[in-house]
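Presented below is the structure to which this report refers.
In the text below, chain A, chain B and the rest are named by the order of the sequence lines, each starting its count at 1. Values reported hereafter were calculated over all heavy atoms of this structure, with side chains retained and with hydrogens, waters and symmetry mates removed.
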Amino acid sequence: MHPAIQGLLTIVIGVGACLSYFYFSNQFLDKVLFPAKGPQAGRNINRANMVRPWLFLFPALFALSLYLAYPVVETIRLSLTERVTQPDGSTVYRFVGFANYVQMSADPKFWEAMWNNMFWLIVVPALSTAFGLLAAQLSDRIKWGNVAKSLIFMPMAISFVGAAVIWKLVYDARPPGAEQIGVMNAVYVWLTGNDPQQWLTVPFWNNFLLMVVLVWIQTGFAMVILSAALRGIPEETIEAAIVDGANPFQIFFKIKVPQIAGTIVVVWTTITLVVLKVFDIVFAMTNGQWGTQVLANYMFNQLFVARDWGVGSASAMVIMLLVTPILVWNVRNARKEMR
Amino acid sequence: MDNIAGSKSSLTWAVHIATALLVALWLFPTVGLFVSSFRTADQIASSGWWNALFPTEQTLTLRTAAPETQVQEGNLYVIEGNLFTETDTPPAEIGSWGTSSRDVSAYGPGDTAELGDGEKLTVQADGGYRLESATEMTGSRGQRTFVTAEIPPEFTLDNYRQVLFSGDSTDSMAKAFFNTLTVTIPATIIPIVVAAFAAYALAWMDFPGRALLIAFVVGLLVVPLQLALIPLLKLHLGIGIGKGYLGVWLAHTGFGLPLAIYLLRNYMVGLPRDIIENARVDGATEFQIFTKIILPLSFPALASFAIFQFLWTWNDLLVAKVFLIDATGQTTVMTNQIVELLGTRGGNWEILATAAFVSIAVPLAVFFAMQRYLVRGLLAGSVK
C-alpha cells in the first residue's frame, strides 16, 4: 500500500474513533440510560446532567492520569528499584533503596550534566528575555516593526533538529588552508589568520554555542509576550516621565521595565521549563560529547544506551525536582485567580 | 508615543539600524541553509554560501580537442574550437589562463603561449582557442588548459530531486514525510476534541471537585515529559501496543492535553453567559450547546492550540524515538531521519540542508499563514 493511503487510513480510524466516543456516549446517555420521556423524564434529565460532565471529562482525565500523573508516581518507584532478569527470562523489579541515586552521583557525567544545566538555566532565559525585550522595544517604534517581529519570531516554527542542522553549518570547519564554509570559521580565519577550529569540540565554550541555538529559538517567544506587555503600559505614566524630562533610556528602564516585571517573570519561567527539557539540540549536535552533556540527554542515554531504567528514572526525578518550584507557583497563582 | 511635545527622537535612525541588524542576525543562519540546499556538493565544499549570490572566480581545468581533429593549413597543423563547448562546461568570461598547474593564470585572454615543440596556444576571453603546431601533433588527449573565469551564480534543484524522489533509502525523506503526517494529524486533532469537551465541562458545567481538577491540570502543565518515558514505554510494551502510531498518538495526546484544556477553558469561560443560558432555556441539550454554540465561538482558541500542537508534534524527536520508531525503521519521522543523516552524511551538506528544509518548510508555511492565532495563543497561555 502506498504510504500516503496507509497514513490517510490510520488517520481516519484514529480520529473517527475519538469523535464517535463523544457522539455515541451522549446518545447512549440521553436515549438509552436516562431517556428524557416517560413518567420519570424530569428525574432522568437531572441524572443525565449529573453524569454528563464526567462523560465529557472522562477521556481527558483518563489520558492525563495515565500519561502524566501515573508516570510521576511510577518514576519514583522505578528510581528505587533495579531491573533484574530472572534465569527463566522474566524481569522483576527489585527494591534497592537509594542505590540508583548513589550510583548516579558517583558518575562524573551526571555532575557534568548538572553543571551544564545550571549554565543553561542562567544563560538561556537571561539572554532570550534580554534580546526579546530589546526586539520588542525596538520593533514597536518603527513602521516595519511587524515584519521584523515575524522574522525574529520565525525560528519558533523550526524544529530543534532543524535548528541543529542550521547551526552546525554555521559552526562547520574545513581543514586549515581550505576555504571555510562555516560563517564562524570564515570570520575567525579572516580576522585572526589562525587555523580554523572545530568549535563544537572546544570544551566548556561549546556549551555556549549550543545555548545560542536555543536563545535563537526562544527570543521570538519572549519578544511576542513582552511586546504585548509593553503596549499594555498606560500611556500617562510615560507622558508624565517625558514631561519631567526623562530621556528614552530612563523611560525604558525606570518606567517601562518595572511595570512589566510580572510578565518578565512569566517569560523567564516558561523558558526555564523549556531549558530543563532541552534534549534534541544536544542530541543532534554533540550527543553530550566533549563536555556538553545535559540532564535530559543524560537520561535518554541511561534509558536507551546503557538500558539502566533505575538510573534513568533517578535522573528523570532530578528534572522533576527542578521544575517542582515552578509547578507549585503556577498552581498557587491559578487558585488565586479563580477566587 | 515617545515623540510627544513635537520633538522627533534623535534615536529614530539608531532604532531602524539596530532592528535591521537584529533581524539580519536572526535570519542569517536560516538563509545559509536555504541557499545551500540549492547548491551542488562541489559548490558547497569550495566556497561559503554567502558567495553563492555573487559571481565567483573559479579555476577550471579544461582541454582542447584531441589531436586527431587537427587540420593542416599550409605548413601548420591547427586545432580550433571553444574550450567550454568541447568539455560541456557552461560558458563564462575568462579572466586569465595557463597551461601549467604551477601557474594557472600565466596569460591573459588573447595572449599566445609557447608550449615548446613549436606549439602555440591562443585562448580568447570567450573560450575560443587556436592551437598551432609546425609538426603533426600526436597523443590521444587534447592540451590541458587551466582557465580562471567569473562563474555566474548557479542554483540547482537536484538536491530536492535526490531527497524527495530518488527512493534512495538513506537519503529519502518521502517516506518520513508521510510518516510525520500520519503522526501529526491525529496527534493534533485527537487532543483538541478531547480537550474541548473537558474544557467545556470545566468552564460551564457544575459538578463537585471542579476547582480541584483545574488545579490538577495547571500542575500537570509543567510536568516534564522525560518523566513519562520509562513508565509509559513499559506500559505500552506491557499491554501490547508496543511501538507504533497508536502509542505515539496517545502519548502526544496525553502530553498536549494540559495546555489544550488550560487554553480552551480560559477562552470558553470568557464567552457570554447569556448565550448559553438562553440556549438551555430553549431546551438545547448540553451536547447541542457544545457543538452548535461553543465550538464555533471558540474557533480562535482552537486554532491557537491546533498550531501549537501541530508545530510541536511535527518538530518532535524524543516522543517519536521512544514510542514510535522500532528496530525496522519503517516508521521513521523526518526529525529522526535528519539526525541519522547527520551521522551517516555528516559532511554532505547538500543532502543535509535539503532534508532539513523539507522538514522545516511545512511548519514555516503554517507559521506564516496562521501567525495571528499563534501569537494570540501564546498570550493567552502565559500572560495573566
Side-chain angles (χ1 to χ4, degrees), chain A residues 3-4 7 10-11 14-15 18 26 52-53 56-57 59-60 63-64 67-68 71-72 74-75 135 138-139 141 148 150-152 157-159 161-162 165-166 169-170 179 181 186 224 228 235 242 248 266 270 273 277 279-280 284 296 299 309 312-313 316 319-320 323 326-327 330-331 334-335, chain B residues 1 4 11 15 18-19 22-23 26-27 29-30 32-33 47-48 175 178 181-182 185-186 189-190 193-194 197-198 201 205 207 215 218-220 222-224 226-228 230-231 245 249 253-254 257 286-287 311 315 317-318 335 338-339 352 356 359-360 363-364 367 371 375 378-379 382-383:
Chain A
T10 37
I11 289 168
V15 176
C18 177
N26 264 282
R52 199 179 332 269
F56 276 33
L57 279 168
L64 284 177
Y67 279 84
L68 288 167
V72 175
E74 178 72 357
T75 303
L138 288 175
S139 58
R141 295 169 50 139
S150 87
L151 291 176
I152 294 178
I158 295 176
S159 59
V161 173
V165 176
I166 288 176
L169 180 61
V170 172
E179 181 121 9
I181 64 166
V224 165
E235 280 200 32
I242 293 172
V266 170
T270 310
L273 288 174
K277 300 181 213 166
F279 159 76
D280 314 33
M299 192 226 146
W309 287 19
S313 300
I319 302 177
M320 185 66 211
V323 302
I326 301 176
L327 187 151
N330 268 3
V331 171
R335 302 215 63 159
Chain B
M1 61 186 167
I4 237 164
L11 286 171
V15 169
T19 315
L22 207 58
V23 170
W26 248 250
L27 221 49
T30 317
L33 198 74
S47 66
K175 190 180 179 62
F178 286 116
L181 268 183
T182 311
I185 294 175
I189 299 175
I190 297 174
V193 175
V194 171
F197 279 94
M205 288 172 151
F207 59 92
V218 172
L220 292 182
V222 301
V223 169
Q226 266 83 7
L227 223 61
I230 302 175
Y245 287 116
W249 292 341
T253 302
L257 270 180
E286 295 283 341
F287 194 75
L311 290 179
N315 290 338
L317 171 68
L318 186 57
T335 44
I338 293 170
V339 171
L352 265 177
S359 94
I360 291 171
L364 277 188
F367 171 82
Q371 204 180 357
V375 169
L378 274 182
L379 293 177
S382 47
V383 177

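When all heavy atoms of A:L68 and B:G254 are compared, the closest pair comes out as CD1-O, 3.5 Å. Listed here is the closest heavy atom pair of A:L273 and A:V323: CD2-CG1, 3.9 Å.
In terms of non-hydrogen atom pairs under 4.5 Å with chain B, the most contact-rich of A:A284, A:P53, A:A316 is A:P53. For the options A:L151, A:I152, A:V331, heavy-atom pairs under 4.5 Å to chain B are most numerous at A:I152. Interface check for chain B: of the options A:A186, A:S313, A:S139, the most heavy-atom pairs under 4.5 Å are formed by A:S313. With chain A as partner, the option from B:L220, B:V339, B:L311 having the largest number of non-hydrogen pairs under 4.5 angstrom is B:L220. Ranked by heavy-atom pairs shorter than 4.5 Å toward chain A, the options B:P224, B:A18, B:A201 are led by B:P224. Looking only at heavy-atom pairs under 4.5 Å with chain B, the residue among A:A63, A:S159, A:A135 that has the most is A:S159.
For the pair A:D280/B:T335, no side-chain contact is recorded, criterion being any heavy-atom separation below 4.5 Å from C-beta on. A heavy-atom distance below 4.5 Å is not found between the side chains of B:F367 and A:I158. Looking at A:Y67 and B:T253, their side chains never come closer than 4.5 Å, going by heavy atoms from C-beta outward. Proximity of B:I230 to A:E74: side-chain heavy atoms (C-beta onward) are nowhere separated by under 4.5 Å.
Using a distance-only test at 3.5 Å, with no hydrogens or angles considered, a donor-acceptor pair links the side chain of B:N315 to the main chain of A:A157.
Looking at A:V170, the atoms closer than 4.5 Å to chain B (heavy atoms on both sides) all sit in the side chain, from C-beta outward. Proximity to chain A (any heavy atom under 4.5 Å) is restricted, for B:A356, to the side chain, taken from C-beta onward. Using a 4.5 Å cut-off between heavy atoms, B:L181 touches chain A through its backbone atoms (N, CA, C, O) alone. Of the atoms belonging to B:Q371, it is side-chain heavy atoms, and not backbone ones, that fall under 4.5 Å from chain A. Interface remark: A:L327 contributes backbone and side-chain atoms alike to the contact with chain B (heavy atom separation under 4.5 Å). For chain A, the nearby part of B:I189 is the side chain; its heavy atoms alone come within less than 4.5 Å. Heavy atoms closer than 4.5 Å to chain B are found in both the backbone and the side chain of A:M320. At a 4.5 Å heavy-atom cutoff, the contact between B:I360 and chain A is made by side-chain atoms alone.
Between the CZ atom in B:F197 and the CG atom in A:L57 there is a gap of 11.5 Å [rounded to 0.5 Å]. The distance from atom NZ of A:K277 to atom CG of B:L227, rounded to the nearest 0.5 Å, is 11.0 Å.
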